[in-house]
Peer 1: 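What follows is a single structure, and I will ask about it in a moment.
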Amino acid sequence: NAGVTQTPKFRILKIGQSMTLQCTQDMNHNYMYWYRQDPGMGLKLIYYSVGAGITDKGEVPNGYNVSRSTTEDFPLRLELAAPSQTSVYFCASSFSPGDFSDTQYFGPGTRLTVL
Amino acid sequence: GDSVTQMEGPVTLSEEAFLTINCTYTATGYPSLFWYVQYPGEGLQLLLKATKADDKGSNKGFEATYRKETTSFHLEKGSVQVSDSAVYFCALSDQDQGAQKLVFGQGTRLTINP
């Protein structure tokens, strides 16, 4: 199993451009998450999904959109990139509905710079 | 809302030294508590967890005990190695509408010198 994979690894965007960060998991997990990690800070939840077709906002959703058309994929869309979105983005997944002690499995991250 | 506070870093130790990284939390319910580790260039991975008061999580020589009375979950290791150099995150699991939402501390960068 590859686990959670993310593409691209690095990206530089100009202000106002748009892009999609890809996330795929091959563990048949129901739950998927997007986090951002700013320098010297912990991770903050952007969006999450409890299954195909179901998504909801996390702590910092502004400027982002998500979709979940399949169990495996959970892309994150930036429509109008801003310098404040410069960050490292992590996708994660977990299996057990209702198990709040479940382990989340993280991808390697995408480092995004907006200039 | 819920929050997690970790000791400020970075922390630099010599090999075989004793390690403590402090973590305290604020939560309205009864969260599960976690330590995640991030090695250079990689994503986070679970190090250990505890689900209720007085539980001790342990893995790879690391331990942490869920202390409800002091709202703490300090990470300890008796003898650190160079390979333990990484960033360590304390987190709690917030229960909300069937989804597990993790709330993270700011992370503590640990460097072990040979």
Side-chain angles (χ1 to χ4, degrees), chain A residues 2-7 9-10 21 23-25 29-51 54-61 66 68 74 88-111, chain B residues 1-10 21 23-25 27-53 55 57 59 66 73 86-109:
Chain A
V4 179
T5 57
Q6 294 183 236
T7 57
K9 291 191 186 321
F10 304 94
L21 282 66
C23 174
T24 300
Q25 54 90 10
H29 284 173
N30 296 307
Y31 288 64
M32 296 187 75
Y33 312 83
W34 274 106
Y35 295 91
R36 60 178 286 172
Q37 182 185 24
D38 297 329
M41 305 289 288
L43 282 70
K44 292 191 183 298
L45 183 64
I46 305 171
Y47 270 95
Y48 66 96
S49 170
V50 302
I54 307 171
T55 64
D56 207 348
K57 296 176 181 179
E59 184 182 0
V60 289
V66 294
R68 183 99 181 267
F74 190 40
V88 181
Y89 292 84
F90 290 100
C91 180
S93 70
S94 64
F95 178 72
S96 300
D99 179 358
F100 303 112
S101 67
D102 199 15
T103 300
Q104 290 191 15
Y105 295 84
F106 286 78
T110 294
R111 184 176 295 276
Chain B
D2 295 354
S3 65
V4 175
T5 302
Q6 288 181 234
M7 67 185 288
E8 293 288 332
I21 301 178
C23 171
T24 57
Y25 68 91
T28 52
Y30 300 94
S32 294
L33 301 174
F34 306 81
W35 278 100
Y36 278 83
V37 59
Q38 184 179 29
Y39 297 104
E42 299 183 10
L44 281 71
Q45 56 186 271
L46 179 69
L47 179 60
L48 54 82
K49 65 182 178 183
T51 59
K52 60 183 186 295
D55 265 4
N59 186 27
Y66 191 143
F73 193 54
V87 181
Y88 292 81
F89 292 92
C90 185
L92 64 80
S93 178
D94 189 3
Q95 304 177 24
D96 185 5
Q97 300 175 353
Q100 180 204 46
K101 296 181 182 178
L102 290 177
V103 176
F104 286 87
Q106 75 270 34
T108 301
R109 182 176 298 277

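Chain identifiers are assigned alphabetically (A, B, ...) following the order of the sequence lines, protein sequences preceding nucleic acid strands; residue numbering begins at 1 within each chain.
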Peer 1: Please state whether the side chain, the backbone, both or neither of B:Leu102 comes within less than 4.5 Å of a heavy atom of chain A.
Peer 2: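 Both parts, heavy atoms under 4.5 Å.
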Peer 1: Measure the acute angle between the ring planes of A:Phe95 and A:His29, then classify it against the limits of 30° and 60° as parallel, tilted or perpendicular.
Peer 2: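 Tilted, since the angle between the ring planes falls between 30° and 60°.
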Peer 1: Which of these passes side-chain hydrogen bond (donor to acceptor under 3.5 Å, both in side chains) with A:Ser94: A:Tyr31, A:Tyr33, A:Tyr48, A:Tyr105?
Peer 2: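 Exactly one pass, corresponding to A:Tyr33.
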Peer 1: Could you pull out all residues at least two apart from B:Tyr88 that satisfy ring pair (Phe, Tyr, Trp, His ring centres under 6.0 Å)?
Peer 2: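 Applying ring pair (Phe, Tyr, Trp, His ring centres under 6.0 Å) to B:Tyr88 gives B:Phe62.
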Peer 1: Contact part of A:Leu45 toward chain B, heavy-atom cut-off under 4.5 Å: side chain, backbone, both or neither?
Peer 2: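 Looking at A:Leu45, just its side chain touches chain B.
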Peer 1: Quick one: what part of A:Phe90 sits under 4.5 Å from any heavy atom of chain B, side chain, backbone, both or neither?
Peer 2: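 It is the side chain, since no backbone atom gets that close.
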Peer 1: Please list every donor-acceptor pair under 3.5 Å in which a side-chain atom of residues 34-46 of chain B meets a protein atom from a residue at least two apart or in another chain.
Peer 2:
from    : atom 1 : to       : atom 2 : distance (Å)
B:Trp35 : NE1    : B:Phe73  : O      : 2.8
B:Tyr36 : OH     : A:Gln104 : N      : 3.1
B:Gln38 : OE1    : A:Gln37  : NE2    : 3.4
B:Gln38 : NE2    : B:Glu42  : O      : 3.3

